[in-house]
Amino acid sequence: LVSWTLMLLANAQLGHFRKTKSLWLKMPQRDLVSWTTMINACVAHGDFAEAKRLFDDMPQRDSVSQTAMVAAYAQCGHLELATRLLQEMPRHNLLCWNAILAATAAEGRISRASQIFEEMPEQDIVSWSTMLSAYAQNGLLDEAKQTFGLMPQHNSTSSTAMLASYAQHKQLRESKVLFDNMLERDVVSWTAMLAAYAHNGHVRHSERLFESLPERDTICWSAMLAALVQNGLYLEAFVVFDEMKMAGSIDKVCFVSILIACSQGGKVSTAKSLFVSMSLDFGFQPSKQHYCCMIDVFGRAGHLENAQDLVANMPYVPD
RNA sequence: GGAUAGGGUCGCCA
């Protein structure tokens, strides 16, 4: 049973939803853990209705499955349903409160979030970090600083959120002081610091940090790519982009950066083939951001007809 | 073996 569940989880995390589903149907037995894993797989796949059906059909539920469902409701914007489920629960569940708090903040409803934070039966480091990043992500540096100062403890999550907020406001010194004083650093904090250097024009510091890292994930690579592009190092950016392709560490954001490099470097045909390759070879549907970059590529190169064509034919409303 | 918080997204103009 445990190994079946592990396979289920592994496939779900790889995004192989069909495989996950067929494993689920073939499993000889299921328990709370496998049910919850399957619910999360459905949510991750965007099949909220199926997640809800599974939750309703579960032979029994525990606080973990309930939290998963509350988080699913909250992330879909069904905050009322999430809150109702929270109220039906036998005991206070801080994780459910945190999930609702995070979803409220993610909708940009900052004052509502801070109200929920006050109303919660208790707050843990996750609740505090959620409020901190709510302020940080909405550009409210003073509120973020205040929250950071009031928190009973810090960890790499809270420090990184604060670091990124300083970086956003181009306060490199403050970012660096925080980074140096962190007790534990991980790939997320390294990436935030790398980006902070790049935003302040210190791309060589970004590179030095990048090269010293014991581990790098896709976002970290992507931050390095963006750092080079932001600082006008297009040739190096293309080298890094090729390395990323070879390492299989590519996502949609990398294509934004590399299309910007094409635009600034006047590489129209390279941009065109990358734009096609993005969906054909990598399966990423171009976002509005990608279209904007392509329009910029054509516009800067003086290919105004192509730019206008793209605006007229793209599956987005121009802004 | 399952649930909640942190990092990457050009520039210009308004």
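Sequence lines set the chain letters: A, B, ... in the order given, protein chains first and strands last, and positions in each chain run from 1.
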Categorize A:His199 for me: base, sugar-phosphate, or nothing, with a 4.0 angstrom heavy-atom threshold over every strand shown.
sugar-phosphate
Residue A:Ala161, side-chain atoms from C-beta onward, closest of B:rG7, B:rG2, B:rG6
B:rG6
What is the distance, rounded to the nearest whole Å, between atom CH2 of A:Trp128 and atom C1' of B:rA5?
14 Å
Ranking B:rU4, B:rG2, B:rG1 by distance to the side chain of A:Val64, first place goes to B:rG2
Taking the six-membered ring for Trp, are A:Trp128 and A:Phe117 closer than 6.0 Å centroid to centroid?
yes
Taking any heavy-atom pair under 4.0 Å as a contact, classify A:Val187: base, sugar-phosphate, or nothing.
base
Students often get this wrong, so: under 4.0 angstrom with heavy atoms, is A:Val253 touching a base, only sugar-phosphate, or nothing?
base
Answer yes if the ring centres of A:Phe275 and A:Tyr291 are under 6.0 angstrom apart, and no otherwise.
yes
Identify which nucleotide among B:rA5, B:rG2, B:rG8 has an atom closest to any side-chain atom of A:Ser129, counting heavy atoms from C-beta outward.
B:rA5
Verdict with supporting geometry, A:Ser65 and A:Trp35, side chain to side chain contact (heavy atoms under 4.5 Å, CB included)
CA-CA 8 Å; A:Ser65 53; A:Trp35 277 93; over 6 Å; no
What contact category does A:Ser63 fall into here, base, sugar-phosphate, or nothing, at under 4.0 angstrom with non-hydrogen atoms?
base
Look at the side chain of A:Asn200 and the backbone N and O of A:His202, then say whether any donor-acceptor pair between them is shorter than 3.5 Å.
no
Identify whether any heavy atom of A:Leu6 sits under 4.0 Å from a base atom; if not, whether one sits that close to sugar-phosphate; answer base, sugar-phosphate or nothing.
sugar-phosphate
What is the nucleic acid contact for A:Ser263, judged by heavy atoms within less than 4.0 Å: base, sugar-phosphate only, or nothing?
nothing
State which of B:rG1, B:rG7, B:rU9 makes the closest approach to the side chain of A:Ala226.
B:rU9
Rounded to whole angstroms, how far apart are CG on A:Asn200 and P on B:rG8?
13 Å
Side-chain (A:Asp309) to main-chain (A:Ala312) donor-acceptor, under 3.5 angstrom:
no
Categorize A:Gln137 for me: base, sugar-phosphate, or nothing, with a 4.0 angstrom heavy-atom threshold over every strand shown.
sugar-phosphate
I'd like to know if A:Thr130 reaches the base of B:rA5 with its side chain, counting only an N/O donor and acceptor under 3.5 Å.
no
Atom-to-atom span, NZ of A:Lys170 to P of B:rG11 - whole angstrom:
7 Å
Do side-chain atoms of A:Ser129 reach the backbone of A:Thr157 as a donor and acceptor pair under 3.5 angstrom?
no
Using a heavy-atom cut-off of under 4.0 Å over every strand shown, decide if A:Cys220 touches base, sugar-phosphate, or nothing.
base
On a plain distance test, is the side chain of A:Asn155 in donor-acceptor contact with the base of B:rA5 below 3.5 Å?
yes
Answer with yes or no whether A:Asp62 presents, from its side chain, a donor or acceptor under 3.5 Å of a partner atom in the base of B:rG2.
yes
A:Ile125 backbone acceptor or donor facing A:His154 side chain under 3.5 Å
no
Roughly, in whole Å, what's the span from CG in A:Asp296 to P in B:rC13?
14 Å
Measure from the side chain of A:Thr5, starting at C-beta and using heavy atoms only, and say which of B:rG1, B:rU4, B:rG6 lies closest.
B:rG1
Using whole Å, report how far CZ of A:Arg300 lies from C1' of B:rC13.
13 Å
Let's test your reading of the model: under 3.5 Å, does the base of B:rG2 pair with the side chain of A:Thr37 as donor and acceptor?
no
Starting the side chain at C-beta, find the nucleotide from B:rU4, B:rG7, B:rG1 nearest to A:Val2.
B:rG1
Tell me what A:Asp251 touches on the nucleic acid: a base, only sugar-phosphate, or nothing, going by heavy atoms under 4.0 Å.
base
Side-chain donor/acceptor contact of A:Gln264 with base of B:rC10 under 3.5 Å:
yes
What is the distance, rounded to the nearest whole Å, between atom CE of A:Met131 and atom P of B:rA5?
15 Å
Taking the side chain of A:Ser65 as heavy atoms from C-beta outward, which of B:rA3, B:rG8, B:rG2 is closest to it?
B:rG2
Just call it for A:Leu32: base, sugar-phosphate, or nothing, with non-hydrogen atoms closer than 4.0 Å on any strand.
base
N or O in side chain of A:Gln230 less than 4.0 angstrom from B:rU9 OP1/OP2
yes
Give the rounded distance in Å between these two atoms: OH of A:Tyr197 and C1' of B:rG7.
15 Å
Which nucleotide in B:rG7, B:rG6, B:rU4 has an atom nearest any side-chain atom of A:Asp217
B:rG7
Could you tell me the separation between the CG atom of A:Asn231 and the P atom of B:rG11, rounded to a whole number of Å?
10 Å
For A:Gln13 and B:rG2, is the shortest distance between a side-chain N/O and OP1 or OP2 below 4.0 Å?
no
